[in-house]
Amino acid sequence: MMPDTKAAITARLHAARMQVAPESAQTPILLERPKQAEHGDLSCNIAMQLAKALKANPRQIAEQIVAALQAQTQWADGLISAAEIAGAGFINLRLSIRTKHAVITQVLNAPADWGRGARTQENIQVEYVSANPTGPLHIGHGRGAAYGASLANVLAAAGATVTREFYINDAGRQMDILALSVWLRYLEARGRTVAFPADGYRGAYVRDIAVALNQAHAAQLERDDPRFAAALQAAAQSEQVADDEAVRGDAALDALIALARELLATDWRVVHGFALQAMLADQQDDLAQFGVTYAHWFSEQSLHDSGQVARAVAQLESAGHTYIKDGALWFRSTTFGDEKDRVIRRENGLLTYFASDIAYHLDKFSRGFDRVINVWGADHHGYIARVKGALLACGVDAQRLTVALVQFAALFRGGEKVAMGKRSGEFVTLRDLRREVGDDAARFFYVLRKSDQHLDFDLDLAKSQSNDNPVYYVQYAHARVCSIFVQAKRDAQSLHSTPLSPLEGARELALMQRIGEFPELIQTAARELAPHLIAFYLRELAADFHAFYNAERILVEDAALSEARLALCAATRYTLANGLALLGVSAPERM
RNA sequence: GCGCCCGUAGCUCAGCUGGAUAGAGUACCUGGCUACGAACCAGGGGGUCAGGAGUUCGAAUCUCUUCGGGCGCGCCA
């Protein structure tokens, strides 16, 4: 249903209701599409909503509303062809065929804009993926990338101004661990024997970076120091531990990092920067090939360099929301609904990741966004309260921040769950997945389920039966339409003034109705932050087209009928293409 | 233990601010190409919406509770 059509009908129902029950003006008029086709094109439950307040039989109320509706002067304009009362008191409306045809004309008059909402004043930032630059992106990041990019597209199509951003965690301890790991592999590449720390990054990509580092700097980064071997032994022997013993394992690694920084002096920045740039380039390349792009790549380190982190901490301190305990500086986040207070400056004087995240979010809102959406992995849900608390403490309305949690993607191979761990290097990368199932299939597959639903990614199925992926079903519909126009030697854009009256078959009407739902669907998907609705819609649209295609021949002798059907095909094509574009999936003309 | 998310067909999942007979894909069964692309279509079987209670004209949807699963609960990020 085109939004303006629906709005017009809603207004008429409202007017009719005001005649019957003027005191019920507050009860909203809701129109929905019935599941059963015999229930008409639109259904309204207002009579049942009013039954209790009016102390009357809902069917009687419905009869009065319908009578008032039919008495309206606009009734004669033919927008609605019938109004019936059914069931417990539903008012079922049938649209005139001319109303249904109007949607085709609307699509063909402005194909590129079809589905897009009117521009709103809303300025939204969407931040997604923001993976640590300490390893290649894995399939969990892929889900965040597909979801975030599609969501940003949907929000923009709904009318908002959208800015896409990636936050680079280039300042923390994890990055130091990567730099250390690269340096150790570099030493190995230069023929030294090193005991590798238990918690270092062990992936093969670390060796690749180290080899490149060796080629670029040769012996420049080698160091000799008796303390180094001892520290290395200590870190290597501190086994990977969990929970309460984690701190002890951390200490050995931190000592090793500190020593490496001391020995390398200014060359530490060389190693660190080299590793960072290598990983960043890898991630950027990976995402770009996946069709996931950004307006900004925002560096965490830049917040430290500019003094914003220090200022954010000072702001919290001066507002009286901090205290010192055990030598650390704590933010009293419990005041703002968090379950416990949080450290923002450690006993050793270093600021926590949370401290820079406060500065980052303050920076976001200082840039004038009305709304900020963070796409996070579901394991970060416990982090939301403290960030919102910090915003509140700094006088920012935390309602303007929405965190969209994306559940994990669990990987299955041979019917068994694949263990994933960055440190061990045992994980399937996004790059591997893309190569094996293709970018289109991966993008579509990722958004084919609700974001808060766990995703069981069956690798064998995705690889061996990729032809069964629903993306091909939708793309095939698009290719089929294109093929018709090649056959007809016609241009889809030449049909915008074609008379549509010959279109009256059930399949044709169903397809038109589906096409007409597209604009409202985009609004819903934007409101619910649910790009999966687009994917499901496209499958249904493709199904309606395939059904129509199999039932009716398009290129027939009757020129008027043929032209009208071509116009319907053209509208289908543009809707498919625009929908696929929202998901970052290509719309091939041939397959 | 506390908090968040989830539980719908054999499997993977939809179900919009509560609506009429709970849907799709897949798998299984039966049909359809001398017709614009069969990567398609038409039809069939398959359900205690995890269990229970409540709210109301009406509950898969909202509330409470039990059971089951995932994640989080560090001066890591």
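In what follows, every heavy atom counts, from backbone to side chain, and hydrogens, waters and symmetry copies are set aside.
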In this structure, how many angstroms lie between the [atom2] atom of [N] and the [atom1] atom of [X], rounded?
X	N	atom1	atom2	value
A:Leu455	B:rC6	CG	P	16 Å
A:Ile46	B:rC57	CD1	P	15 Å
A:His478	B:rC40	NE2	C1'	17 Å
A:Gln407	B:rG72	CD	P	11 Å
A:Phe545	B:rC41	CZ	P	11 Å
A:Asn348	B:rC75	CG	P	12 Å
A:Tyr549	B:rA39	OH	P	10 Å
A:Leu538	B:rG25	CG	P	16 Å

Any side-chain N or O of [X] below 4.0 angstrom from OP1/OP2 of [N]?
X	N	result
A:His532	B:rG15	yes
A:Gln453	B:rA14	yes
A:Lys35	B:rA22	no
A:Tyr473	B:rU26	no
A:Arg480	B:rA38	yes
A:Arg553	B:rG37	no

What nucleic acid atoms does [X] come within less than 4.0 Å of, heavy atoms only: base, sugar-phosphate, or nothing?
X	value
A:His546	sugar-phosphate
A:Asn57	nothing
A:Gln523	nothing
A:Phe90	base
A:Arg33	nothing
A:Arg590	base
A:Ala547	sugar-phosphate

Using the [atom1] atom as the point on both nucleotides, what is the distance between [M] and [N], in whole Å?
N	M	atom1	answer
B:rU26	B:rA14	C1'	14 Å
B:rG47	B:rC5	C1'	25 Å
B:rA24	B:rC62	C1'	26 Å
B:rC67	B:rG52	C1'	11 Å
B:rU30	B:rG68	C1'	39 Å
B:rC4	B:rG43	P	45 Å
B:rC6	B:rC13	C1'	13 Å
B:rA9	B:rG23	P	14 Å

ask   = 5'-most contact on RNA chain B: A:Gly327 or A:Asn550, nearest heavy atom basis?
value = A:Asn550

note = 5'-most contact on RNA chain B (nearest-nucleotide basis), A:Gly87 vs A:Arg449, goes to A:Arg449

remark   = A:Met591 has its side chain closest, among B:rC41, B:rG37, B:rC71, to B:rG37

message = Between B:rG19 and A:Asn45, counting only base atoms on the nucleotide and side-chain atoms on the residue, is there a donor-acceptor pair under 3.5 Å?
response = yes

message = Taking donor-acceptor contacts at under 3.5 Å, does the side chain of A:His454 reach the base of B:rC6?
response = no

key: Close side-chain approach of A:Leu42 to A:Asn92, heavy-atom, < 4.5 Å   = no

